[in-house]
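Below: the structure, in structure tokens.
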Amino acid sequence: MPNAKIAGIGYYVPENKVTNNDLARVMDTSDEWIQERTGIVERRYAKKHEESTTTMGVEAAKIAIERAGITNEDIDFIIFATLSPDYYFPGCGVLLQREMGMLGVGALDIRNQCSGFVYGLSIADQFVKSGMYKNVLLVGSEFHSMGLDFSTRGRNVTVIFGDGAGAVVVQPTEEEGKGILSTHLHADGTYAEKLAYINPGSHAGKWEDKERFGYPDVEFGGAFLTQKMWDDEDLFPNMEGQAVFKMAVQKFPEVIMEALQTNGLQPEDIDMLVPHQANLRISQFVQRRMKLRDDQVWNNIQKFGNTTAASIPIALCEAWEQGAVKDGDLVCLAAFGSGFTWGSALIRW
Ligand code: UT7
């Protein structure tokens, strides 16, 4: 059975840079607070009415496909990871497919938030290894800035997130020992509401949510979106930051070690760790815990913020473009986020 490899990679970030001081104009925050707690200096915001999660994904995908040395017609399966889709349904997978003219091939949307790319890579890996597909396009893209609370109430979440997209083409490789060595996926739904965007949704089914969110008391019908959600401005993501932080610094090292142990390797064997860019402090904690040098960890959250499903492919692509990921390198991807979900992938580049 051949291994699967990343044959092409690309990313796209919108031009518009938004600094911490820009945010401090609209909410009670400061450049100092944001940099100290998160490491973020600026992030990109997509152009409303011109760009979407899908169009950013398309831009990244075009680069990945070209670098894989194939054309759109060669793609035989699409996986799209996002938490900020253009539509509630259908997903961005079919929208990207329509844009790129790959009609007829399967398109799968996955909703695993910060772990979306690692989950998607694992799915692509299984499909390629099994021989079912030869060119799987995996895209992670987010248009967070459309759905954030820019009042002071939302500041703990809003300052963290940025927009952008990353994409890879996954293909079989005949090269012995190269490509994706293993992937490891986990979840614990106990913490589902610790980092969540719950409205609009069908959770009227939960009795305690009926009054709180103003779901109408009707025998049939209702709506995912209620007037009360609008009136209470209860339409934004919420996060218990410290709970997420504590779990993240535990699960990142755990799932990285799981990948290394599966392959009989040690932390010192890693040439490049590309963690999901959740918070620079989390990455630094993981680096210290794993005793990794600065040149073994890629961080770019300072420039782009946390781009959820797009953060790993953006960071991996940047590292590769700058020559920090080279042929034969051992690359480890690791993610943790909403769900909670977490995962890792080990790749011999
Ligand atoms: O990728 C998805 C996974 N997400 C993460 O990994 C995020 C993990 N968590 C974090 O990164 C951190 O918890 C945050 C950066 C979100 C928050 O940092 P923190 O050090 O945990 O702050 P906190 O939530 O405990 O809040 C400390 C104080 C509070 O004020 P009081 O109650 O001490 O007066 C907050 O109201 O900081 C305040 N605060 C802010 N102040 C200025 C919260 N957000 C802001 C802000 N600007 N943006």
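Keep in mind that what you see is a predicted model, and the values were worked out from it rather than measured. In each ligand, atom 1 is the first atom listed, and ligand 1 is the first ligand listed.
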For residues 23-32, which residue pairs pass the salt bridge (charged side-chain N to carboxylate O under 4.0 Å, His left out) check, not counting sequence neighbours?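 Of all non-adjacent pairs touching residues 23-32, those that pass salt bridge (charged side-chain N to carboxylate O under 4.0 Å, His left out) are Asp22-Arg25, Asp28-Arg155.
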
Sequence neighbours left out, what passes side chain to side chain contact (heavy atoms under 4.5 Å, CB included) with Ile198? Give chain and number order.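 Residues passing side chain to side chain contact (heavy atoms under 4.5 Å, CB included) with Ile198: Ala196, His203, Phe213.
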
When the aromatic ring centroids of Phe236 and Tyr197 are compared, is their separation below 6.0 Å?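 No - the distance between ring centres of Phe236 and Tyr197 does not fall below the 6.0 Å cut-off.
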
Are Arg289 and Glu254 close enough for a salt bridge, meaning some N to O gap below 4.0 Å? no

Give a yes or no on whether a salt bridge exists between Arg281 and Glu36, defined as a side-chain N under 4.0 angstrom from a carboxylate O.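 No, this pair does not count.
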
Could you list the donor-acceptor pairs under 3.5 angstrom formed by side chains in residues 255-265, with sequence neighbours left out?
residue : atom : partner : partner atom : Å
Glu258  : OE1  : His186  : NE2          : 2.7
Glu258  : OE2  : His184  : ND1          : 3.4
Glu258  : OE2  : His186  : NE2          : 3.4
Thr262  : OG1  : Glu258  : O            : 2.6
Asn263  : ND2  : Ser182  : OG           : 3.0
Asn263  : ND2  : Ala259  : O            : 2.8

Tell me the residues surrounding ligand 1, counting only those with a heavy atom closer than 4.0 angstrom, sorted by chain and number.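 Residue list for ligand 1: Asp28, Thr29, Trp33, Arg37, Thr38, Cys114, Arg155, Asn156, Val159, Ile160, Leu195, Met239, Gly241, Gln242, Val244, Phe245, His276, Ala278, Asn279, Ile282, Asn306.
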
